[in-house]
Every structure is written in C-alpha cells, then in structure tokens.
Amino acid sequence: LVSGRSNDMQEQLESAELDIILVVEPKRTVGIKVLTLHEDTFKLYEGTMAKKLYSNENEAPIVYMPSAIVGRSTIKDVLAPYHLENRKFYRASSLETVKQLTVSGLGIGLLPTKVAETSISQNKLTELNLKRFPKSGIGKHTIGLAYQAIREDSPAIKALIDELTSYPW
C-alpha cells in the first residue's frame with residue numbers, strides 16, 4: 001500500500017512500479033485502464049465549533065491547498081470570477097490541514113465535498129453559500145482507479161476493484 005500525490009503515483013503506475021492506484025484525475029494511457037468512482041467539486045466551508053478568528057465571512061481569509069485546486073493559475077485567478085480574490089489566503093500542504101484549520105476557525109476552507117463530508121456530519125463544518133460562489137462548486141474533478149491492463153485478471157486486482165466500486169461514493 002502506497003500513498004502520495006496523484007501525479008507521482010500515476011508516474012509509478014506507468015513505469016510499472018505499481019499495479020493499481022486510487023487517485024484524483026487518473027490518466028488513461030497505453031496499457032493503463034481507468035475506472036471513475038466519484039466526481040467531486042470544491043466548495044467553501046466554515047467551522048462551527050471554535051471561535052472564529054475573523055469577524056465577517058465576507059472578509060474571512062481562505063485556506064486552501066494550491067496543488068489541489070490551482071493548477072497553473074494562481075488562487076486569485078481561480079477565485080476572481082466570484083469576487084473572492086481580494087482576501088488573505090493561507091496555503092496548506094494537505095487537504096486534511098485545510099480542513100483542520102477551517103474547523104479551528106482560522107478561515108474559510110476551500111475543500112472537495114468528499115473531504116468535508118465527515119466533518120459536516122459531525123457538525124464541525126458547514127457549507128457556506130456566498131452570494132457569487134456557485135452552489136455546485138468549482139474545480140470539478142474525478143476520483144478513480146487506474147491500473148495496469150495486463151493485471152486486470154489478477155484475483156487481487158479484481159477483489160480491490162469490486163470492493164472500491166461497491167463503496168457508496
């Protein structure tokens with residue numbers, strides 16, 4: 001079992017160091033099969049339990065993970081269409097860190113819905129509906145499996161695919 005950044009894991013799969021990966025935006029290439037498990041978007045969330053370190057959600061800093069949402073743009077470019085570019089921004093190296101800082105009241109978290117899901121059910125986070133931010137979210141992406149086509153008949157690969165496709169994404 002290996003964990004890491006999706007791009008790094010994709011490279012390891014393509015070089016046959018790995019047989020199967022569960023990643024964001026899996027890439028279909030020669031000899032690699034892809035199975036989409038879930039489509040997701042990023043939304044804005046606010047902590048519900050801790051004292052907020054900001055007084056107004058319209059001026060609150062935004063906590064985000066650059067490699068998850070920004071790509072080749074800047075966060076200001078990504079959020080400019082929604083008039084959110086003139087705020088403070090706090091960068092984090094993982095989505096889990098973004099979530100925890102948001103729960104702690106540091107700012108508004110820009111998170112995938114799947115990452116926020118458990119904290120919402122535990123009443124630690126709530127989705128924000130800012131006036132100009134799309135209710136459907138931004139940054140649509142897929143979570144999926146990519147695997148070596150020559151390994152698709154492997155009992156272990158078949159069992160893992162069966163287990164992950166039966167999960168209620």
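Everything numeric in this text was worked out from a predicted model, so none of it was measured.
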| task | Let me see the working for I108 and R87 under side chain to side chain contact (heavy atoms under 4.5 Å, CB included), right down to the final yes or no. | result | CA-CA 11 Å; I108 293 172; R87 295 174 180 243; 3.9 Å; yes
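- Salt bridge annotation for D40-K114: absent, with no cationic side-chain nitrogen under 4.0 angstrom from a carboxylate oxygen.
- Under a hydrophobic clustering in which Ile, Leu, Val, Met, Phe, Trp and Tyr are joined whenever their side-chain heavy atoms come within less than 4.5 Å, directly or via other members, I120 and L44 fall into the same cluster.
- Side-chain atoms of Q12 do not come within 3.5 Å of backbone N or O of L18 as any donor-acceptor pair.
- Residues N56 and N58 share a closest heavy-atom pair of OD1-N, 2.7 Å.
- Scored by the side chain to side chain contact (heavy atoms under 4.5 Å, CB included) test, T29 finds E14, I32 as partners (sequence neighbours excluded).
- Looking at residues two or more places apart in sequence or on another chain, you find a side chain to side chain donor-acceptor pair (under 3.5 Å) between E17 and S15.
- Remark: side-chain polar atoms of S104 are not paired, donor with acceptor, to backbone N or O of L106 under 3.5 angstrom.
- A donor-acceptor pair under 3.5 Å is formed between the side chain of R28 and the backbone N or O of V34.
- Aromatic ring centroids of H141 and F42 lie under 6.0 Å apart.
- Residues N129 and K43 bring no donor and acceptor atom of their side chains to less than 3.5 Å of each other.
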| request: Show your working on side chain to side chain contact (heavy atoms under 4.5 Å, CB included) between L22 and I143 and close with a plain yes or no. | output: CA-CA 7 Å; L22 173 65; I143 300 167; 4.0 Å; yes
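- Listed by first and then second residue, the side-chain hydrogen bond (donor to acceptor under 3.5 Å, both in side chains) pairs that reach into residues 91-102 are S94-T97, E96-K99, E96-Q100, sequence neighbours excluded.
- Each of V63, I62, V78 was scored for a side-chain contact (heavy atoms from CB on, under 4.5 Å) with L110, with one residue passing: I62.
- At distances below 3.5 Å, at least one donor-acceptor pair connects side-chain atoms of Q10 with backbone N or O atoms of K27.
- A distance-only check finds no donor-acceptor pair linking the side chain of W169 to the backbone of E39 [under 3.5 Å].
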| query | side chain to side chain contact (heavy atoms under 4.5 Å, CB included) between L37 and T165: does it pass, once the steps are laid out? | reply | CA-CA 7 Å; L37 298 172; T165 55; 3.8 Å; yes
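- In terms of the ring-ring contact (aromatic ring centres under 6.0 Å, His included) criterion, Y45 has no residue partners (sequence neighbours excluded).
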Going by atom type alone, with no hydrogens or angles, which donor-acceptor pairs under 3.5 Å involve a side-chain atom of residues 47-54 and a protein atom two or more places apart or on another chain?
unit_1, atom_1, unit_2, atom_2, d
T48, OG1, N123, O, 2.3
T48, OG1, K124, O, 3.2
K52, NZ, G47, O, 3.2
Y54, OH, E46, OE2, 2.7

| query | Can you check side chain to side chain contact (heavy atoms under 4.5 Å, CB included) on Y147 and I161, steps first, answer last? | reply | CA-CA 10 Å; Y147 56 95; I161 290 171; 3.8 Å; yes
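- With sequence neighbours excluded, the residues forming a side chain to side chain donor-acceptor pair (under 3.5 Å) with E152 are K33, listed by chain and number.
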